[in-house]
Q: 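Encoded as structure tokens, here's the structure I'll be asking about.
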Amino acid sequence: MSEQQAEAKKAFGIRLRDLRLDARLSGRQLSAMTGMRPSKISRIEHARQNPTEDDIRTWCRACSAENQIPELIAAHRQIDEMWQEHRQQLRQGLKNLSAKNKPLYERTKLMRVYTSLNIPGFLQKPMYVRAVVEAVTQFHKLPDNVDEAVKARLGRLQILTSGPGQFAFAVEASALYVTLGDQATMDEQFDFLIAATRMNHVSLGIIPLGTTRNRVWAGENFYIFDEHTVRSDQWTGTYETSRPIEISTFLRIFNLLREQAVYGDAARAEIEAARRHLQSRETS
């Protein structure tokens, strides 16, 4: 069990304990109302035993909290799936991982993407993708065939350029200054970002360097697939959630980030500024 899963289980036990306390019930009183042994109630509240879904329903009814049953069951189902370690994901190889994700990408009608660390995957051109794949395979010591892995990952770009879906991007300008590959790699990437700002089905916003962050600050990359799934990449793994309350929070964050971005000519100016910065480093 990952540390994140353990924390989630602990937090879930606390939520059930709080329901009991809000209902002014002792452990023994809840036991009498539900038929659960007091020791089981204690183990559940301290995350030493997983409740069944029937346990959750019975617990909520005893605490007059029937309205929380759907959300609590959804949260409980997700605990074991919410954190996927990169080491586990990458065992299947980058090529196979891309193939596994493709159906989700293809059925998503509206993709919302925020990145602060790199160019979003759906906007990555071939040379940039190759630089990413080479870095990942080297760091994780993967046996992937780089050419095959690059071809598979370019499927995201094909979905963006040929698929029927809509895309909304909010990208920190700092991501434009992270150099992968050489000057030619970045020039190809900058050229495509400029082109993407003119695509009818793409909204590409750049959050300028030095933007005052009064309401929301820069954070980890995340992807919102319609309104049913969120994925957020971190150093050692990927957080994934389908809980409505979590998705609602990410949507609110995304909308606040989009409000800080610039679009059209102003976004293109941010991209060209990053290009000039890289060129000045190359010639100095």
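The model shown is predicted, which means the values in this text are computed figures rather than measured ones.
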Q: Quick check: do Thr179 and Arg281 have side-chain heavy atoms less than 4.5 Å from each other?
A: yes
Q: Is there a side-chain contact between Gln279 and Gln183 (heavy atoms, below 4.5 Å)?
A: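 Yes, at least one pair of side-chain atoms sits under 4.5 Å.
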Q: So, Asn50 versus Arg43: side-chain donor-acceptor pair below 3.5 Å or not?
A: no
Q: Among all residues two or more places apart in sequence or in another chain, which pass the ring-ring contact (aromatic ring centres under 6.0 Å, His included) test with Phe192?
A: none
Q: Listed by chain and number, what are the salt bridge (Lys or Arg N to Asp or Glu O under 4.0 Å) partners of Arg15, not counting sequence neighbours?
A: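 Applying salt bridge (Lys or Arg N to Asp or Glu O under 4.0 Å) to Arg15 gives Glu71.
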Q: Nearest 0.5 Å, please: how far is CZ in Phe169 from CZ in Phe254?
A: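 Spacing of CZ (Phe254) from CZ (Phe169) equals 8.5 Å.
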Q: Are Glu53 and Arg77 packed together at the side-chain level, in the sense that at least one heavy-atom pair is separated by less than 4.5 angstrom?
A: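 Sidechains of Arg77 and Glu53: in contact.
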Q: Indicate the ring-plane relationship of Phe225 and Tyr105, choosing parallel, tilted or perpendicular according to the 30° and 60° boundaries.
A: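 Rings of Phe225 and Tyr105: parallel, as their planes differ by under 30°.
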Q: When you compare the side chains of Thr108 and Asp226, does any donor N or O come within less than 3.5 Å of an acceptor on the partner?
A: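 Side-chain D/A pair, Thr108 to Asp226: absent.
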Q: Would Arg268 and Thr197 count as having a side-chain donor-acceptor pair, cut-off 3.5 Å?
A: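 Note: Arg268 and Thr197 side chains meet the donor-acceptor criterion.
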Q: Please, which pairs that meet side chain to side chain donor-acceptor pair (under 3.5 Å) have at least one residue in residues 26-35, sequence neighbours excluded?
A: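 Sorted pair list: Ser26-Gln29.
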Q: Hey, does Phe190 have a side-chain heavy atom less than 4.5 Å from the side chain of Ile119?
A: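 Not in contact.
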Q: Distance alone, cut at 3.5 Å: any donor-acceptor contact between the side chains of Asn255 and Glu259?
A: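 No - no donor-acceptor pair under 3.5 Å links their side chains.
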Q: Run Asp191 and Arg275 through salt bridge (Lys or Arg N to Asp or Glu O under 4.0 Å) and show every step you take.
A: CA-CA 10 Å; Asp191 288 343; Arg275 190 202 303 265; 2.8 Å; yes
Q: Could you tell me the separation between the CD1 atom of Ile73 and the SG atom of Cys60, rounded to the nearest 0.5 Å?
A: 7.5 Å
Q: Carefully, step by step, assess Arg130 and Thr185 under the rule side-chain hydrogen bond (donor to acceptor under 3.5 Å, both in side chains).
A: CA-CA 9 Å; Arg130 178 170 292 276; Thr185 299; over 6 Å; no
Q: Decide whether Tyr177 and Glu172 meet the rule of one side-chain donor and one side-chain acceptor closer than 3.5 Å.
A: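 Their side chains do not contain a donor-acceptor pair, so the 3.5 Å distance test is not met.
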Q: Flag the pair Ile224 / Met111 as yes when at least one side-chain heavy-atom distance between them is below 4.5 Å, and no otherwise.
A: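 Not touching, per the 4.5 Å side-chain cut-off.
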Q: Show your reasoning for whether side-chain hydrogen bond (donor to acceptor under 3.5 Å, both in side chains) applies to Arg215 and Gln260.
A: CA-CA 10 Å; Arg215 301 179 68 187; Gln260 298 177 340; over 6 Å; no
Q: Run the ring-centre check on Tyr114 versus Phe222 and record whether the distance is less than 6.0 Å.
A: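 Centroid distance Tyr114-Phe222: below 6.0 Å, so yes.
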Q: If we ignore angles and hydrogens, is there a donor and acceptor under 3.5 Å between the side chains of Asp55 and Thr52?
A: yes
